[in-house]
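Side-chain atoms are counted along with the backbone in the values below, which use heavy atoms only and exclude waters and symmetry mates.
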4 protein chains.
Amino acid sequence: MTDQTHASEEVQARVRAGEEVQARVRASFDKQGLMHTLGATLVAVSPGAVEIALVPGPAVSQQHGFVHAGAVSAIADSAAGYAALTLMPPGAGVLTAEFKINLMAPAAGARILARGRVIKAGRTLTLAQAEVFSQGSEGGERLIALLTATLMAVQGREGVGD
Amino acid sequence: MTDQTHASEEVQARVRAGEEVQARVRASFDKQGLMHTLGATLVAVSPGAVEIALVPGPAVSQQHGFVHAGAVSAIADSAAGYAALTLMPPGAGVLTAEFKINLMAPAAGARILARGRVIKAGRTLTLAQAEVFSQGSEGGERLIALLTATLMAVQGREGVGD
Amino acid sequence: MTDQTHASEEVQARVRAGEEVQARVRASFDKQGLMHTLGATLVAVSPGAVEIALVPGPAVSQQHGFVHAGAVSAIADSAAGYAALTLMPPGAGVLTAEFKINLMAPAAGARILARGRVIKAGRTLTLAQAEVFSQGSEGGERLIALLTATLMAVQGREGVGD
Amino acid sequence: MTDQTHASEEVQARVRAGEEVQARVRASFDKQGLMHTLGATLVAVSPGAVEIALVPGPAVSQQHGFVHAGAVSAIADSAAGYAALTLMPPGAGVLTAEFKINLMAPAAGARILARGRVIKAGRTLTLAQAEVFSQGSEGGERLIALLTATLMAVQGREGVGD
């Protein structure tokens with residue numbers, strides 16, 4: 001067997017792993033009724049990183065017309081939580097133990113994008129963060145919120161998978 | 001003027017103040033599109049304290065069927081923020097600068113109730129907290145989440161009132 | 001055996017339990033070099049609640065002469081952590097997974113007192129909070145900081161007991 | 001005047017600005033009695049970024065011999081706060097309004113280093129974060145804690161400068 005075959009097999013294995021992770025997060029995301037209610041969409045999934053987007057509008061607003069801190073938190077929490085799930089063993093479910101979010105600017109624009117990524121994966125607890133950006137319709141984005149979350153891996157609990 | 005008249009005038013003044021605070025929060029709450037989308041309701045308003053309720057269901061769920069941490073956060077943030085608003089001067093608007101929420105138990109039950117109250121009111125920054133309870137259909141409740149939030153009073157900014 | 005004997009035995013059992021909890025926290029506190037360095041003292045211990053005090057002075061100051069947020073956090077974290085430890089099984093050690101502290105007013109006065117108490121005790125994770133007060137030399141106190149912490153019970157790990 | 005002269009003047013201006021920022025933070029740091037008590041040292045200062053180090057030992061320990069979460073928090077808070085101060089106008093003082101710290105691993109090693117940097121500088125509130133690393137005696141480091149802090153710029157308050 002040549003080195004090239006070897007490399008090609010490794011690439012294929014990595015592609016398969018990426019596809020499995022995507023399928024796992026996609027299936028779980030589709031069960032989150034709240035994401036559907038908010039009109040949020042799963043934009044990108046890779047091991048340790050997940051992106052979720054939301055379009056501003058009256059359905060997710062607070063009293064001044066900006067996106068409600070709760071809606072910003074919801075997509076940021078899901079992005080951080082699913083980033084954590086991508087690194088958890090099959091069969092484990094993910095629950096949020098706590099999160100903190102700093103809101104630096106009112107959430108407005110053409111699209112709100114939460115980019116979640118794992119900071120430190122552990123057996124029981126995982127620390128993840130999500131940066132939330134306001135994106136303009138002409139391109140360009142700015143950081144409007146920062147969330148850090150502690151996620152717990154739950155195994156063998158009835159009804160808590162993925 | 002007798003003492004009794006005096007007392008009665010004080011009581012009336014307090015009642016009027018309570019009614020004004022309720023009207024102010026009610027009008028602002030009705031503009032929060034997200035609360036309407038989630039089916040959340042404003043349950044109680046008094047100076048320094050606000051309660052908001054949510055009924056669990058598929059529209060606000062995460063992947064295991066519990067209420068999503070983002071929906072729990074949304075009503076807890078609104079309850080804490082409006083508790084802060086009740087103590088802010090007329091014309092001031094309230095914005096959330098940051099919050100942290102600890103989620104101690106999965107959110108389920110007949111009703112989720114967030115009880116917000118002000119810990120320390122300041123000129124620029126107010127600290128408020130919200131305790132979130134899961135209530136059973138037969139009565140009884142247990143604490144499932146605790147939020148602490150820093151709220152900012154915003155004055156004279158276009159479009160940011162109440 | 002009379003009811004009275006029964007009651008008296010129960011009281012004695014509770015007293016013994018209280019003494020054991022105090023001895024456990026006292027022994028652990030005495031091993032915290034930082035508390036000794038800061039001049040902090042263990043004021044009160046009961047099941048689910050612990051108080052720690054600190055005297056303001058140049059050794060614990062920040063640049064304006066107030067007590068440094070780090071010193072306030074240190075006694076608040078220890079008070080919350082030991083409150084959690086009082087409800088953990090014998091042999092378990094306690095580690096802080098995360099905490100958040102809101103500082104509402106500069107820390108000054110005759111004494112700074114952190115009152116820690118458990119909000120929700122769990123098998124793996126415990127949520128505790130600490131209220132920090134500034135006390136005057138003539139009596140009277142005001143709330144200057146609020147901490148919420150997630151504490152983890154660690155069992156069977158070399159060197160991590162109490 | 002040639003382009004080269006111009007470039008050289010710009011470089012000199014930047015160097016002067018860097019030196020002023022360093023002198024401002026150094027002077028304030030030297031007034032923090034707690035940093036002296038902990039044996040913490042100011043390692044690096046540049047606009048928007050500050051590093052502070054601490055050597056583990058009995059004087060800063062918790063009960064298992066690791067560095068106490070309060071001591072880790074103290075250097076992380078100072079690093080984040082001073083990073084914020086470097087971007088504040090002359091005469092403004094900096095106060096911590098709140099911070100949250102996640103502790104991912106016990107703090108041990110040859111040196112603990114907190115790297116603070118500004119995420120978003122604002123007129124009243126600045127968001128900064130500090131990553132805390134455990135460094136080995138042979139080189140190599142790992143992330144053990146992550147702090148996010150809201151810093152407030154205070155102007156014209158007696159006794160609160162830098």
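Contact count versus chain B (heavy atoms, under 4.5 Å) is highest, among V72(A), I75(A), N102(A), L147(A), for N102(A). Contacts with chain B were tallied for Q32(A), Q62(A), M104(A); Q32(A) has the most, counting heavy-atom pairs under 4.5 Å. When each of A149(A), G33(A), A74(A) is checked for heavy-atom pairs under 4.5 Å with chain B, G33(A) comes out on top. Top candidate by heavy-atom pairs under 4.5 Å with chain A, chosen from G93(B), S61(B), S28(B), G70(B), is S61(B). Considering only heavy-atom pairs separated by less than 4.5 Å from chain B, the leading option among E98(A), M35(A), H36(A), H64(A) is H64(A). Comparing S73(B), A97(B), P58(B) by heavy-atom pairs within less than 4.5 Å of chain A, the highest count is held by A97(B).
Both the backbone and the side chain of I101(A) come within contact range of chain B, each with at least one heavy atom under 4.5 Å from a heavy atom of that chain. For a residue to count as touching a neighbouring chain, one of its non-hydrogen atoms must lie under 4.5 Å from one of that chain's; by this rule L38(A) touches chain B with the side chain only. Of the atoms belonging to V94(B), heavy atoms from both backbone and side chain fall under 4.5 Å from chain A. Within the 4.5 angstrom heavy-atom criterion, no atom of D30(B) approaches chain A. For F29(A), no part sits under 4.5 Å from any heavy atom of chain B, backbone or side chain.
Among all heavy-atom pairs drawn from Q63(B) and G161(A), the shortest one is CG-O, 4.5 Å. In terms of heavy atoms, D77(B) sits closest to A69(A) at OD2-CB, 3.4 Å.
T96(B) OG1 to H68(A) NE2: the interatomic distance, rounded to the nearest 0.5 Å, is 7.5 Å.
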